[in-house]
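The structure under discussion appears below in the form of C-alpha cells.
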Amino acid sequence: FLDPAADKVMMTTLSTSLWVAGAMPGALVALMVGRDLGLLAGAFAMRAASLPKEIRWSRELFRVSAIRSIEVKPSFVSRANTFLQISLIGLTITHLAFETPPPGVIDALCWAVAGTTFWSGASYLLRP
C-alpha cells in the first residue's frame with residue numbers, strides 16, 4: 001500500500017524541485033502531478049463506491065487493510081511511465097551535476113514522459 005504512495009511523493013518532490021530550479025518544464029511537472037492527483041481522487045471514489053453504503057463515508061474508507069474492496073493493477077504503459085519519470089529525474093540531476101547527457105536527450109525524454117503520462121492517465125479514465 002505505501003510503496004506506490006512513497007514513489008509518488010518522491011517523484012512529486014523531486015520534479016517540483018527541479019522545476020523550481022529551472023531544470024524541468026513547469027507544464028510537464030503540472031501534467032505529472034495532475035495525473036497523480038487525478039488517480040488518487042479516482043482511487044478514493046472507486047473505493048467509496050465499492051463499499052457498503054453504511055460505511056462508505058466513515059473512517060473505514062481509509063482502513064484499506066481491514067476492508068478489501070477493489071484492486072487496481074497498473075497497466076504496462078503506467079509502469080513504463082514510472083520508469084521514464086524516474087529516468088528523467090535521475091538524468092536531469094546528472095545533467096545538472098556533470099553536464100551529461102546532452103540537453104537533447106533530456107528534451108526527448110521530457111516528450112516521452114509527457115506522452116506516456118497523458119496516455120497512462122487516459123487509459124485509467126477509459127478503463128471499464
Side-chain angles (χ1 to χ4, degrees):
F1 166 70
L2 288 179
D3 188 42
D7 289 347
K8 294 304 173 192
V9 169
M10 177 191 71
M11 290 196 301
T12 298
T13 302
L14 289 171
S15 61
T16 302
S17 298
L18 288 168
W19 167 65
V20 169
M24 192 174 281
L28 179 60
V29 174
L31 180 64
M32 291 165 54
V33 173
R35 173 195 167 267
D36 289 344
L37 290 174
L39 291 177
L40 182 64
F44 276 116
M46 288 175 65
R47 175 154 170 83
S50 71
L51 293 174
K53 194 170 191 156
E54 61 273 3
I55 63 170
R56 188 171 290 169
W57 297 112
S58 69
R59 74 176 129 177
E60 297 298 317
L61 175 68
F62 300 100
R63 294 186 59 208
V64 295
S65 61
I67 301 173
R68 287 271 195 238
S69 58
I70 60 164
E71 187 174 335
V72 178
K73 301 263 189 206
S75 65
F76 172 78
V77 70
S78 182
R79 291 175 192 261
N81 176 252
T82 299
F83 172 78
L84 289 172
Q85 285 183 6
I86 291 170
S87 298
L88 175 61
I89 290 168
L91 289 175
T92 301
I93 293 169
T94 302
H95 176 77
L96 292 172
F98 304 109
E99 297 183 4
T100 189
V105 172
I106 302 294
D107 292 342
L109 201 49
C110 282
W111 283 105
V113 166
T116 58
T117 300
F118 183 80
W119 184 10
S120 69
S123 74
Y124 282 112
L125 284 175
L126 300 174
R127 210 179 253 192

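FYI, side chains are in, hydrogens and waters are out, and symmetry mates aren't considered; it's all heavy atoms of this structure. It should be emphasised that the depicted structure is a prediction, and the values quoted were computed from it without experimental measurement.
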Task: Step-by-step side chain to side chain contact (heavy atoms under 4.5 Å, CB included) determination, Thr116 to Gln85 - done: CA-CA 9 Å; Thr116 58; Gln85 285 183 6; over 6 Å; no

Task: Exercise: identify the closest heavy-atom pair between Phe118 and Leu31 - done: N-CD2, 4.4 Å

Task: Nearest atoms (heavy-atom pairs only) where Pro25 meets Cys110 - done: CD-SG, 4.0 Å

Task: Heavy-atom side-chain proximity of Tyr124 to Pro74 below 4.5 angstrom - done: yes

TODO: Test Lys8 against Leu40 for side chain to side chain contact (heavy atoms under 4.5 Å, CB included), laying out the working first.
DONE: CA-CA 10 Å; Lys8 294 304 173 192; Leu40 182 64; over 6 Å; no

Task: Trp119-Leu28 co-clustered via ILVMFWY side chain contacts under 4.5 Å - done: no

Task: Between CD1 on residue Ile89 and CE on residue Met24, distance to nearest 0.5 Å - done: 5.0 Å

Which donor-acceptor pairs under 3.5 Å do side chains of residues 90-109 form with protein atoms, sequence neighbours excluded?
{"residue": "Thr92", "atom": "OG1", "partner": "Leu88", "partner atom": "O", "Å": "2.6"}
{"residue": "Thr94", "atom": "OG1", "partner": "Gly90", "partner atom": "O", "Å": "2.8"}
{"residue": "His95", "atom": "ND1", "partner": "Pro101", "partner atom": "O", "Å": "2.7"}

Open item on the list: Check for me, please, whether Phe83 and Ile86 land in the same ILVMFWY cluster - side-chain distances under 4.5 Å, paths through other members count.
Closed with: yes

TODO: Search all heavy atoms of Gly121 against all heavy atoms of Arg35 and return the closest pair with its distance.
DONE: N-NE, 3.9 Å

- [ ] Please answer whether the main-chain N or O of Thr13 pairs with a side-chain N or O of Thr16 as donor and acceptor at a distance below 3.5 Å.
- [x] no

Task: Linked, directly or transitively: Met11 and Leu39 (ILVMFWY side chains, under 4.5 Å) - done: no

Open item on the list: What's the separation between atom CE in Met32 and atom CG in Leu84, rounded to the nearest 0.5 Å?
Closed with: 10.5 Å

